[in-house]
Every structure is written in C-alpha cells, then in structure tokens.
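The structure appears below as structure tokens.
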2 protein chains.
Amino acid sequence: MAKETDGNGTPVPQRLLAAATRLFAEQGYDRTSVQEIVEAAGVTKGALYHYFGSKEDLLQEVYARVLRLQQERLDAFANAEAPIEQRLRDAAADVVVTTIDNLDDASIFFRSMHHLSPEKNKQVRGERRRYHERFRALVEEGQRSGVFSTATPADLIVDYHFGSVHHLSTWYRPDGPLTPQEVADHLADLLLRALRP
Amino acid sequence: MAKETDGNGTPVPQRLLAAATRLFAEQGYDRTSVQEIVEAAGVTKGALYHYFGSKEDLLQEVYARVLRLQQERLDAFANAEAPIEQRLRDAAADVVVTTIDNLDDASIFFRSMHHLSPEKNKQVRGERRRYHERFRALVEEGQRSGVFSTATPADLIVDYHFGSVHHLSTWYRPDGPLTPQEVADHLADLLLRALRP
DNA sequence: CACGACATACCGACTGGTTAGTCTGCCCGT
DNA sequence: ACGGGCAGACTAACCAGTCGGTATGTCGTG
C-alpha cells in the first residue's frame with residue numbers, strides 16, 4: 001500500500017500525465033493551469049513537482065510517448081518483407097489509425113509544439129525529422145524502382161500525406177460515419193493513386 | 001494631421017492589426033501580451049482599446065480578413081468558364097499560393113482557432129464550412145460527370161487537400177528550394193492525379 | 001529484534017511576477 | 001468649447017514554482 005493513496009489504482013505519475021494530456025488537448029497548454037492538472041489527477045502541486053521538473057516537462061513527455069510509438073510502428077512496416085507499394089500503403093494507413101486512436105496527443109502535438117523551449121523543441125524536431133526521412137526513403141525507393149511517379153519530389157509527397165494526418169484532429173469525429181480504419185484506407189489509397197506513374 | 005501621431009503613415013488600427021498578426025504568428029496568441037502589441041505598433045493600450053473591444057477581437061479580425069479573401073478567390077475560380085478539371089486545379093493551386101503569401105495569417109488560423117470564445121468560434125467555423133462546401137461541390141461535379149474517380153467520398157478529398165494546405169505553415173520556408181507557385185502546382189497536381197479514374 | 005538514520009512520497013500555504021482591461025484626463029482640430 | 005483620439009497609471013486576478021513540514025517505509029547495526 002505504498003504506490004497509491006486513494007481509491008484509484010494507477011500510480012500518480014501516470015495519472016498526472018493522463019490528466020495533463022486531456023486538459024492540454026481540450027484547452028490548450030497555456031490555458032491549462034498546474035492547479036487544474038493536479039486537481040484532475042487527485043493530488044496536489046507537491047506531487048507534480050516531485051515527479052516532474054516543470055509544467056513543460058509534462059508536455060515533452062506527451063511528445064516523447066507519441067514519437068516513440070509512431071517511430072516503432074513505422075520501422076516495423078517499412079522493414080517488412082513485401083513489395084514497396086504494400087509497405088508504403090501499410091505505413092501510410094497505420095499512421096492514420098494510430099493518430100485517430102490518440103487524437104488528444106495528436107492535437108497537442110500539432111498545436112502546442114511551439115510552446116516548448118528552444119532546446120526541447122530542437123530535440124523534438126530532430127526525432128520528427130527521423131520519422132519524416134524514414135517515410136521519404138520509402139517513397140524514393142518506389143520512385144527509383146519505377147513503381148511510383150517521379151513527377152513530384154519525395155519530400156513534398158511526405159508533407160502532402162502528413163498534412164492530411166495532421167489535419168485529422170481538426171475534422172475527424174469518432175461519432176462520424178467513417179471508422180478509423182476506413183479513413184486510413186481512403187487516405188492511403190489517395191496517396192498511392194497520386195503516386196501512380 | 002489627425003490620423004497618425006508619429007512618423008509612420010499608416011493609420012493606427014491597421015498598425016495594431018499588423019503588429020498583432022506578426023506577434024501572434026511568432027509567439028502564439030496566449031504568449032503575446034497586449035503590451036507587446038501596442039509597443040510594436042508604437043501606441044499605448046488606450047489606443048488599442050479605443051478601436052478594439054478586446055484582445056480576442058484582434059484575433060477575430062485576422063480570421064475575418066483571411067476568410068473573406070479566400071472565399072472571394074475560390075468563388076472566382078469555381079464559377080469561371082472552364083472544364084471542371086481546370087477549375088478545380090486552379091482553385092486548389094490558388095489557395096496554396098495565397099496561403100503561402102500570408103503564412104502568418106495561416107499559422108494563426110490553424111493554431112489559434114481554439115482560443116476564440118465559443119460564439120466567435122462558431123461564427124468562424126460557419127464561414128469555414130461555406131468555403132469547404134464550395135470546394136466540395138467542385139469535386140462532386142467532376143465525380144458526377146465521370147472525370148474524377150468516385151472511389152473516395154468528396155468530403156474526404158477536400159479534407160485531404162486542405163490538410164496539406166494547413167500543413168504548409170509547418171514546413172514551408174521562403175528561402176527553401178521551391179517557389180510558392182511551384183509548390184502550388186505540385187500540390188494541385190497531386191490532387192488531380194489522385195482523382196484520376 | 002530493536003532502534004535510529006535516512007529516503008521517498010506527498011501536502012498546501014506562500015511568493016514574486018505577469019496580465020487584460022479600466023479610467024481619468026490631456027491634446028488638438030474643428 | 002467640444003469631442004474624437006489617445007496616454008499611461010492603476011487594479012484585480014491569476015499562476016508557476018518553492019519550501020518547510022509530515023507520514024510512511026527501508027536498512028544497517030548492535
């Protein structure tokens with residue numbers, strides 16, 4: 001009986017992170033006070049500053065979690081044994097599904113990145129670039145082997161697709177007509193269709 | 001000699017709006033203090049609150065300007081005398097060029113919309129929807145006449161394209177290798193290629 | 001096994017600083 | 001002499017982070 005103080009079974013740091021994620025997504029980083037976060041997590045400021053160095057650290061932790069997850073999944077799909085069209089399609093569809101599954105994290109990611117201090121921002125951008133480059137390598141591989149059109153630079157292709165992923169948090173509603181998988185299939189299909197020679 | 005107090009020739013309200021636009025884009029809405037805005041415009045708070053009701057009104061005015069401009073241009077291209085592929089391509093490319101030309105407004109638009117109060121937010125969303133629907137009508141027209149594939153719902157097509165427009169403020173750099181027109185041509189081309197039957 | 005020393009986990013009042021918006025009044029053109 | 005245009009001091013509220021304090025557990029030692 002040392003890890004949780006009240007009825008809730010999950011440990012305090014994770015409760016804080018979950019509360020912060022929800023509140024940052026709902027109200028934005030600047031409009032969420034530390035007081036609100038600790039109240040939502042059922043603790044006090046003492047607990048938060050015991051586990052985290054600052055409010056900003058909380059935000060960075062949200063990013064780190066998302067980036068780790070997406071990079072792992074991309075690597076898995078990209079390195080699979082399959083023709084390039086299949087690998088790109090799978091990777092493109094997967095990032096859509098996982099983004100919808102973590103829509104809170106996604107809106108925080110795209111809306112609040114500029115709230116990070118320059119150093120942390122640089123770090124996050126660096127990991128983001130790794131992701132971008134792995135994806136671009138897939139496009140280039142297909143272009144070299146003649147499966148994809150070379151009419152458009154690979155960089156632009158990647159930004160085109162991630163624009164639509166980025167945009168999901170603006171328009172996708174879980175109670176809408178399309179399931180996450182259907183949206184993912186459509187968006188991956190659009191990408192592959194645009195790449196036909 | 002009643003309209004401007006110092007050496008700057010432009011009237012005070014426009015100076016305030018310009019300063020606010022730049023600062024909101026650079027630092028975000030919440031992180032920009034009213035004090036900074038008035039200093040950048042070379043006036044004081046008295047002047048700002050003489051012309052605007054609140055800090056939020058400034059933000060809304062930025063939106064209103066952008067929305068008016070883009071809606072006008074879309075209507076012009078959409079109602080032109082040309083085959084549907086041409087009209088859609090022109091409209092899709094134009095929104096890219098004007099977004100890049102007003103990249104500050106664009107980043108504010110997409111990053112700070114949720115800072116508006118519910119009523120103003122609803123109003124902006126309404127005008128946004130009008131734009132979306134006019135664009136969607138173009139896609140549907142092409143689908144009905146068999147020029148565009150019907151594999152993807154028109155709504156999704158529109159969100160796909162505007163995702164990439166939205167995303168521009170994240171990656172486009174004026175000192176990069178591509179001119180605004182080149183980016184616009186590429187993105188419009190990708191859209192049209194994805195729509196090939 | 002008893003006991004003190006130290007560590008971990010957390011509480012909550014407090015501080016120093018910032019901010020949006022107000023208000024009184026001056027200045028100047030008409 | 002009147003009113004639009006604006007200055008700038010002021011206020012009331014808020015907020016991130018600090019700090020001294022408490023409770024509970026762990027570990028080494030005689």
Side-chain angles (χ1 to χ4, degrees), chain A residues 1-21 23-24 26-62 108 112 114-121, chain B residues 1-21 23-24 26-62 108 112 114-121:
Chain A
M1 217 170 304
K3 277 303 175 64
E4 64 262 8
T5 330
D6 64 355
N8 200 327
T10 47
V12 171
Q14 296 173 39
R15 290 219 308 273
L16 283 166
L17 219 47
T21 302
L23 289 168
F24 288 165
E26 277 171 14
Q27 319 179 343
Y29 177 76
D30 280 324
R31 306 215 158 176
T32 302
S33 71
V34 170
Q35 193 58 42
E36 284 179 283
I37 299 171
V38 297
E39 273 167 22
V43 294
T44 62
K45 286 194 177 187
L48 193 154
Y49 285 97
H50 178 70
Y51 291 109
F52 299 92
S54 64
K55 184 185 173 184
E56 210 190 344
D57 280 3
L58 241 71
L59 183 56
Q60 201 193 15
E61 195 50 39
V62 174
I108 296 173
S112 308
H114 60 292
H115 290 318
L116 281 175
S117 66
E119 317 98 66
K120 301 194 177 183
N121 201 305
Chain B
M1 217 173 299
K3 276 308 176 57
E4 65 262 6
T5 328
D6 64 354
N8 199 327
T10 47
V12 170
Q14 295 172 39
R15 290 218 311 273
L16 283 165
L17 219 46
T21 302
L23 289 168
F24 288 165
E26 277 170 14
Q27 319 179 340
Y29 177 76
D30 280 323
R31 304 210 157 183
T32 302
S33 70
V34 169
Q35 193 58 43
E36 284 179 282
I37 298 171
V38 296
E39 273 167 24
V43 294
T44 62
K45 285 194 177 186
L48 193 154
Y49 284 98
H50 179 71
Y51 292 110
F52 298 93
S54 65
K55 184 183 175 186
E56 211 191 344
D57 281 2
L58 274 170
L59 183 57
Q60 201 194 13
E61 195 48 40
V62 174
I108 296 173
S112 308
H114 59 296
H115 289 318
L116 282 176
S117 64
E119 317 98 64
K120 301 194 177 184
N121 202 304

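The sequence lines fix the lettering, A, B, ..., with proteins before strands; numbering per chain opens at 1. Values reported hereafter were calculated over all heavy atoms of this structure, with side chains retained and with hydrogens, waters and symmetry mates removed.
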Rounded to whole Å, how long is the line connecting atom [atom1] of [X] with atom [atom2] of [N]?
X: B:R15; N: D:dG5; atom1: CZ; atom2: P; value: 14 Å
X: A:I37; N: D:dG17; atom1: CD1; atom2: C1'; value: 13 Å
X: A:H50; N: D:dG17; atom1: NE2; atom2: C1'; value: 16 Å

TODO: Using a 4.0 Å cut-off on protein heavy atoms (strictly under), produce a 5'-to-3' string for nucleotides 16-22 of chain C with B for base contact, S for backbone-only sugar-phosphate contact, and - for none.
DONE: ---SBBB

- [ ] Answer yes or no on whether A:K55 is positioned over the face of A:F24, meaning its NZ or CZ is under 6.0 Å from the six-membered ring centre and within 45° of the axis.
- [x]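 Because its charged atom misses either the 6.0 Å distance or the 45° angle limit, A:K55 does not stack over A:F24.
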
Task: Where A:L58 and A:L17 come nearest, the two heavy atoms and their spacing - done: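 Shortest heavy-atom contact: O-CD1, 4.0 Å.
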
Can you list, pair by pair, the side-chain donor-acceptor contacts under 3.5 Å of residues 36-50 of chain B, counting residues two or more places apart and other chains?
unit_1: B:E36; atom_1: OE1; unit_2: B:S33; atom_2: N; d: 3.0
unit_1: B:E36; atom_1: OE2; unit_2: B:Q27; atom_2: NE2; d: 3.4
unit_1: B:E39; atom_1: OE2; unit_2: B:Q35; atom_2: NE2; d: 3.3

Open item on the list: Tell me if a side-chain donor or acceptor on A:Y29 pairs with a main-chain N or O of A:H114 at a distance below 3.5 Å.
Closed with: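 Here the side-chain-to-backbone pair does not exist.
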
- [ ] Check whether any side-chain N or O of A:Q60 sits under 3.5 Å from a backbone N or O of A:K120 as a donor-acceptor pair, and report yes or no.
- [x]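 Not confirmed, A:Q60 side chain does not pair with A:K120 backbone.
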
